[in-house]
Engineer: 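Got a structure here, written out as structure tokens. Questions coming.
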Amino acid sequence: MGARVARLFRNFNLENRVHREIGKAKPEVAPRHLTHIDPVQSTEVTEINDAIHKRNDPLLGLLKSVYVESKDPTEAPKEITEENVEERRPLKFSLPGDPYGIVEITDVPKGKLSIVEALKALNNHKNAPQTWTLDKVAQEYSLDLRDTKALLEHFIPFEVKIIPPKTKDDAKQIKDT
């Protein structure tokens, strides 16, 4: 209903408003800045402009004789060596089953953590900071001490608090009047 009313007001007396707008005097254009171009400079500019746009056959012939052939370098296949295998470590903790249809990873690179391992390390440090010290967490998960310190400083695992429901004695009830 509101759209109909708005359309009525929008279209009301439309022709008269259009003729009034068309009949208004147009605003004048701002005056241009006068330029003083010497005739000598003007001829130099046109000569340079003509020289730029003129066809130069010797240069065009040289350009046509240029042929560029390029090939992408072939990348040698990476071989799996014992060094690459040593750079990875087996996963310490993982979620049970096959969550969300994601293929479960079995190992992670040294110096990195999976999300489950990060949460486990944070929770262990939070619950027992004397046993799970900075050095022990770094050694357990093959992490750099600086990264471990930043992890334990700046990330805090969630705290789940279950609030028991109120009993009838504690709850305030609205009484009929």
Side-chain angles (χ1 to χ4, degrees), residues 1-80 83-84 87-89 91 94-95 98-105 107-123 125-126 134 137-138 141-161 163:
M1 183 68 181
R4 287 184 183 176
V5 173
R7 194 177 307 121
L8 281 174
F9 281 114
R10 188 175 54 234
N11 293 337
F12 178 74
N13 204 8
L14 184 65
E15 287 184 34
N16 288 342
R17 287 187 287 147
V18 168
H19 286 296
R20 191 178 331 129
E21 193 66 33
I22 290 172
K24 283 184 181 177
K26 303 293 182 257
E28 292 184 21
V29 179
R32 296 206 176 263
H33 181 67
L34 296 176
T35 58
H36 302 286
I37 298 177
D38 296 333
V40 177
Q41 275 187 337
S42 175
T43 57
E44 289 176 4
V45 169
T46 56
E47 289 174 5
I48 293 171
N49 198 10
D50 290 341
I52 289 173
H53 293 293
K54 182 181 173 185
R55 182 179 177 134
N56 194 339
D57 288 329
L59 290 178
L60 189 61
L62 289 173
L63 183 63
K64 287 183 179 178
S65 68
V66 172
Y67 180 73
V68 177
E69 185 176 314
S70 66
K71 295 180 182 176
D72 290 334
T74 57
E75 189 174 318
K78 294 182 180 179
E79 297 178 11
I80 299 175
E83 294 175 5
N84 292 346
E87 290 177 4
R88 299 186 72 83
R89 62 173 181 77
L91 200 64
S94 63
L95 294 174
D98 189 22
Y100 313 114
I102 300 172
V103 177
E104 186 67 31
I105 54 174
D107 59 344
V108 291
K110 286 188 177 180
K112 304 215 180 215
L113 289 173
S114 70
I115 294 174
V116 177
E117 286 179 327
L119 291 174
K120 184 77 171 172
L122 288 170
N123 199 25
H125 178 72
K126 182 181 140 193
L134 182 77
V137 171
Y141 294 103
S142 303
L143 297 173
D144 186 31
L145 280 174
R146 190 189 69 202
D147 295 338
T148 309
K149 181 180 178 189
L151 175 76
L152 296 177
E153 249 181 58
H154 300 291
F155 293 96
I156 301 168
F158 291 113
E159 240 181 83
V160 178
K161 292 184 179 178
I163 301 171

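Worth knowing before you read on, the calculation uses all heavy atoms, side chains too, and leaves out hydrogens, waters and symmetry mates.
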Engineer: Kindly indicate whether the side chain of Val66, heavy atoms from C-beta on, has any atom under 4.5 Å from the side chain of Leu62.
Structural biologist: no
Engineer: Report yes if some heavy atom in the side chain of Val108 is under 4.5 Å from a heavy atom in the side chain of Leu113; otherwise report no.
Structural biologist: no
Engineer: Let me confirm one number: the NE2-CD1 distance from His53 to Ile48, rounded to the nearest 0.5 Å.
Structural biologist: 11.5 Å
Engineer: Using the salt bridge (Lys or Arg N to Asp or Glu O under 4.0 Å) criterion, which residues pair with Asp57? Sequence neighbours excluded.
Structural biologist: Arg55
Engineer: To the closest 0.5 Å, what do you measure between CD (Glu153) and CG (Leu134)?
Structural biologist: 9.0 Å
Engineer: So for atom CD1, which belongs to Ile52, do other residues, nucleotides or ligands contribute more than 12 heavy atoms lying within a distance under 6.0 Å?
Structural biologist: yes
Engineer: Glu21: which residues meet the salt bridge (Lys or Arg N to Asp or Glu O under 4.0 Å) condition with it, sequence neighbours left out?
Structural biologist: Lys24
Engineer: Taking all heavy atoms of Ala138 and all of Thr148, pick out the closest pair and write down the distance.
Structural biologist: CB-OG1, 3.4 Å
Engineer: I'd like to know whether NZ of Lys112 has more than 12 heavy-atom contacts from other residues, nucleotides or ligands below 6.0 angstrom.
Structural biologist: no
Engineer: Would you list the pairs meeting side-chain hydrogen bond (donor to acceptor under 3.5 Å, both in side chains) in which at least one residue belongs to residues 3-15, sequence neighbours left out?
Structural biologist: Asn13-Asn16
Engineer: So, for Phe12 and Arg17, which heavy atoms are closest and what is the spacing to 0.1 Å?
Structural biologist: O-NH2, 3.1 Å
Engineer: Can you tell me if Ile156 has over 12 outside heavy atoms packed within less than 6.0 Å of its CD1?
Structural biologist: no
Engineer: How about NZ on Lys26, more than 12 heavy atoms from neighbouring residues, nucleotides or ligands closer than 6.0 Å, or not?
Structural biologist: yes
Engineer: Rounded to the nearest 0.5 Å, what separation is found between the NZ atom of Lys149 and the CG atom of Leu151?
Structural biologist: 13.0 Å
Engineer: Are side-chain heavy atoms of His125 and Phe155 found at a separation under 4.5 Å?
Structural biologist: no
Engineer: Which heavy atom of Val137 sits nearest to which heavy atom of Ala121, and what is that distance?
Structural biologist: CG1-CB, 4.2 Å
